[in-house]
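Since the structure comes first, as structure tokens, the remarks are kept for the end.
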Amino acid sequence: MPNLNASPYLVKSLVGYVHDLRETLKTEIKSRPIKHDDFPAIAIGCEHGIYNAFGHSRRCHKSLREEVNYVSPLLNALKRFGTPPTKKMIGGKIHFVGTCAEDSAANKVLQEVFEVRHSYPTLQQLSFTNPVRPRTFQRRPMCRVCKSIF
């Protein structure tokens, strides 16, 4: 089960991250009203010690999309479910492997830690905020793939 005991600082900072996502959409989309599909489905914070980062799901407006080059421990864990990014049927439900907010945030933290320590923490050593919908700030559960990986 993922560690959802992120520091209060990270939880509070997630609000600012979501605010920045909203402001980016307002700046980039001026020719029409902002639609639900423009927002990422999920945003999340991830940390390991002093290293922290935020991420959001990849299905969103092009101005918010980030390309993710997965570090080896995360890529190997994701490949157990399919080569990311991919759509996979798991347990009777469609899951998008490698497109989650958790993957994006964890990858950024793993990269930061590696740059300083030249080694990766285990994926289970990462702490997360609760996943939230940027549009409504409603808490959402992690998907089955992320629960298995983290």
Side-chain angles (χ1 to χ4, degrees), residues 1-48 51-113 121 123-150:
M1 196 65 179
N3 179 356
L4 295 176
N5 294 320
S7 68
Y9 166 78
L10 191 68
V11 173
K12 188 175 180 180
S13 298
L14 180 61
V15 175
Y17 176 73
V18 170
H19 175 76
D20 292 346
L21 290 175
R22 290 177 178 181
E23 290 303 310
T24 299
L25 285 175
K26 286 179 188 175
T27 302
E28 295 295 322
I29 303 173
K30 294 181 179 174
S31 62
R32 61 171 174 80
I34 296 173
K35 301 177 195 171
H36 288 294
D37 289 349
D38 293 328
F39 287 95
I42 299 293
I44 198 164
C46 178
E47 67 185 354
H48 177 72
Y51 307 97
N52 61 60
F54 299 97
H56 58 274
S57 51
R58 289 178 59 185
R59 190 169 174 215
C60 56
H61 187 265
K62 64 183 178 183
S63 65
L64 299 178
R65 283 191 205 125
E66 300 173 335
E67 194 59 41
V68 180
N69 295 314
Y70 298 103
V71 297
S72 58
L74 182 55
L75 181 61
N76 292 336
L78 287 168
K79 282 185 176 178
R80 292 188 328 224
F81 298 94
T83 304
T86 190
K87 186 163 59 169
K88 205 71 167 184
M89 185 70 93
I90 302 171
K93 279 185 82 177
I94 294 175
H95 291 275
F96 294 88
V97 178
T99 63
C100 293
E102 295 86 345
D103 305 329
S104 174
N107 197 65
K108 291 174 188 175
V109 169
L110 291 168
Q111 286 173 332
E112 285 182 33
V113 172
L123 299 178
Q124 290 71 32
Q125 290 175 315
L126 301 175
S127 300
F128 292 91
T129 63
N130 283 297
V132 296
R133 285 215 187 284
R135 182 174 86 241
T136 63
F137 235 88
Q138 176 187 17
R139 284 186 181 179
R140 303 297 303 157
M142 280 190 178
C143 75
R144 179 183 248 171
V145 174
C146 290
K147 284 180 183 175
S148 298
I149 291 174
F150 302 108

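The model shown is predicted, which means the values in this text are computed figures rather than measured ones.
- Under the 4.5 Å side-chain criterion, counting only non-hydrogen atoms from C-beta, Leu21 is not in contact with Phe39.
- Going from atom CG of Leu78 over to atom OG1 of Thr83 covers 9.5 Å, rounded to the nearest 0.5 Å.
- Using a 4.5 Å heavy-atom threshold, the side chains of Ile42 and Arg133 count as touching.
- If you take CD1 on Ile44 and SG on Cys100, they are separated by 9.0 Å, rounding to the nearest 0.5 Å.
- Taking 4.5 Å as the limit, some side-chain heavy atom of Leu4 sits within range of a side-chain heavy atom of Met142.
- Judged by distance alone, with hydrogens and angles left aside, the side-chain atoms of Thr129 form a donor-acceptor pair with the main-chain N or O of Gly45 at under 3.5 Å.
- A 4.5 Å side-chain heavy-atom check between Cys46 and Lys108 finds every atom pair outside the cut-off.
- To the nearest 0.5 angstrom, Arg65 atom CZ is 8.5 Å from Lys62 atom NZ.
- Residues meeting the salt bridge (Lys or Arg N to Asp or Glu O under 4.0 Å) test with Arg80, sequence neighbours left out: none.
- Summarising the geometry of Thr27 relative to Lys30, their closest heavy-atom pair is O-CE, 3.1 Å, with the distance given to 0.1 Å.
- The two residues Pro141 and Pro131 come nearest to each other via the heavy atoms C-CG, 4.3 Å.
- When side chains are defined from C-beta on, Thr99 does not count as touching Pro84, because their heavy atoms never get closer than 4.5 Å.
- In this structure, the side chains of Leu74 and Ile149 come closer than 4.5 Å at one or more pairs of heavy atoms.
- At a cut-off of 3.5 Å, with distance as the only test, a side-chain donor of Asn3 or Ser127 sits close to an acceptor on the other residue.
- Closest of all the heavy-atom pairs between Ala77 and Leu123 is CB-CD1, 3.6 Å.
- Counting only heavy atoms from C-beta outward, the side chains of Leu64 and Pro40 approach each other to under 4.5 Å.
- Residue Cys146 comes nearest to Pro2 through the heavy atom pair O-CG, 4.2 Å, listed as atom of the first residue, atom of the second, then distance.
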key: Stepwise side chain to side chain contact (heavy atoms under 4.5 Å, CB included) check, Val109 with Leu126   = CA-CA 8 Å; Val109 169; Leu126 301 175; 3.9 Å; yes
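- Glu47 contributes a side-chain N or O that, together with a main-chain N or O of Ser7, makes up a donor-acceptor pair within less than 3.5 Å.
- Phe137 CZ: more than 12 foreign heavy atoms inside a 6.0 Å radius.
- For the atom pair CG (Asn69) and CG (Asn107), the distance works out to 8.0 Å, reported to the nearest 0.5 Å.
- Around atom CZ of Arg139, no more than 12 heavy atoms belonging to other residues, nucleotides or ligands sit under 6.0 Å away.
- Put simply, the side chain of Asp38 gets close to the backbone of Lys35: a donor and an acceptor are under 3.5 Å apart.
- In this structure Arg58 satisfies the salt bridge (Lys or Arg N to Asp or Glu O under 4.0 Å) test together with Glu67, sequence neighbours excluded.
- When all heavy atoms of Gly55 and Ser104 are compared, the pair lying nearest together is CA-OG, 3.7 Å.
- Residues Phe54 and Leu10 meet the side-chain proximity criterion, which asks for heavy atoms closer than 4.5 Å.
- Counting all heavy atoms, side chain and backbone alike, Ala43 lies closest to Val18 at CB-CG2, 4.0 Å.
- Put simply, the side chain of Ser63 never gets that close to the backbone of Glu28: no donor and acceptor are under 3.5 Å apart.
- Sorted by first and then second residue, the side chain to side chain donor-acceptor pair (under 3.5 Å) pairs involving residues 11-22 (not counting sequence neighbours) are Tyr17-His56.
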